[in-house]
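All remarks here apply to the structure that follows.
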Amino acid sequence: MIKKSDLDSFVEFCEPLLSGAPYPCYVMDLEGSIVFSNKAVQELTGYERNRDYQRNFFSVLEEEEIGKTIEHINTVLKGERKSLQTKIRNRSGHVIDVNILSIPVIVEGEILGICGYMISASNERIFSNSIPGNWNNIFTGIKTIDRIVMDSTKRKKAEEQLTYLAYHDPLTGLPNRRKLDHQLHKSIMEAKEKNMLVGVIYLDLDRFKYINDSLGHKVGDKVLQVIADRLKGSLRSDDMVSRQGGDEFVILLKNVSAKEDLYEAAARVNRIIAEPIRLHGHEYVLSASIGMSIFPDHGFEAEVLIQKADQAMYLAKESGVGIQPYETGMSKSLSRKLLLEQYLHKAIEKNELYLEYQPIVDVYRKQVMGLEALLRWQHPVIGPIPPGEFIQIAEESDLIIKLSNWVLETACRQRKTWVDMNLPPFYVSINVPARQINLESFLETVKDTLERYQLSANLLKIEITERTAMTNVQQTLNTIKELQDNGVDIILDDFGVGYSSISYLVQYPFNTIKIDKSFIEGLENKNQRSVCRTLVSMGRNLGMNVVAEGVEELEQFQFLCSIGCHNMQGYYFSRPTRVELIEAFFTSEQKGLQGKFK
């Protein structure tokens, strides 16, 4: 008989059954923390038990889904079996529509928690057919765990804790964005009735990333907690400060009688942030960029007021003025580069990024041998942003690492989907910048991602440019060798553009080189043809596969065939295409490549 009297003993008792379930299964305690998840859940969400144990269930939900999920959980905690359709954001930032079936864990009449099944909505039929009808009997029929006394007070406390977690930032304890939106909307309605003003102060700590980079995230988190406490202490009882994420805070000033009150509050906040912070025997001095908006002058909706205060904050940061009220037409004053950097920070969270795939073709075998994953960004207001523009912005900041990790995760997840669809064993290649390949953690990140998606290493190839190969040569060379030892091939992209010498090239164990498209253009010129022929010959003599990029015309295709270049990529075969059209390249008729080999 099990002597423990808590949910852990239940999990321990049922773990063999839970772990062996072929569908995603997890157990959640009364406070919303995941205390167990099987491998299927970990594959779906990307969160692993040994690294993300005790993760709160609300942390993986999309913000707009939290309200109905609270209602769902509270209903289940009263003893009902209940289903729910919702959206979660996995570890890579990708949003997934899921169906959840929740069953209360009841032992001798007492509810200990919830056992849930979660599966992607795209697999709904499989989900509904795979759960045994008597499954919930397993959780209601266990008699071997000692009785747990749980009165209505304990249940009410658990419900209150769930609600608190849904509306507050776990690091600082401040209200989160969801709580701010609710309070700001309510304040606007009250201000209309009382003929009062409502102020919004949006602030961002300057150069805060240097604290994280140089001192570590634990010190950074402590600094944020100090700032949060200072801001709370500086407000009137009616006002509210919320954390928006990262080092951004928003202050809501209710029932403001004059604009001057808003300016005074902003100046007071600025002074408070500038006061030295003493931690572990060291002193740190911070500054902030502050933007302000006010109802009704700058808008009548909560979202509009926050957006305009945000714009004013970015102009304050760009101009270095410190405090900046919103002014009509200010958004036009923000440089496009600054706006894009601002929006790019949130692009992953808002699901604005996606991958397109361009086929790499073996023209002799008349088949697609691989796909290059290409990052795209569709902003809901600006529209499509050219990759050359936003990638350059990302490379000038820490965003390039975040984007590159997202591409790796997304490409591997998609390749696993194609494996499950029984498509042929083609590879997917991703472009990796110098800053990422030189990270000590990069190799482990690649290995971890392949392992989580159960992908063979030969299905992923990594492309680096000559410029990257010549950056920190020895470390890059070591990383490449380690990747290849683990089965991941490396492709040298943009070969021939002039950054590397032959002496360096022979040191690198590249399996494939891509001839830059600049050598494929203008083949009507005799000298251009000679250069292209030489590059192909050089690559083959070094024992490497050679891919010609930028093949757009029949004449280019025919010339490359004549000089023995078997592998090609370019608009002649296909433009980069959306994931849902990829199957066309692998049908028996090869609809995506019809007529291209004639």
Carboxylate-amine/guanidinium proximity below 4.0 Å for [X] and [Y]:
X: Lys346; Y: Glu352; answer: no
X: Lys218; Y: Asp221; answer: no
X: Lys68; Y: Glu71; answer: no
X: Arg177; Y: Asp169; answer: no
X: Glu356; Y: Arg376; answer: yes
X: Asp238; Y: Lys254; answer: no
X: Lys317; Y: Asp204; answer: yes

Distance from Leu450 atom CG to Leu459 atom CG, nearest 0.5 Å?
8.5 Å

Salt bridge (charged side-chain N to carboxylate O under 4.0 Å, His left out) filter on Lys222, not counting sequence neighbours, yields none

Between Thr86 and Glu65, do the side chains contain a donor N or O and an acceptor N or O under 3.5 Å apart?
yes

No-hydrogen, no-angle side-chain donor-acceptor test under 3.5 Å, Tyr357 and Gln414
no

Taking ring-ring contact (aromatic ring centres under 6.0 Å, His included) as the test, write out the residues that go with Tyr343, two or more places apart.
His379

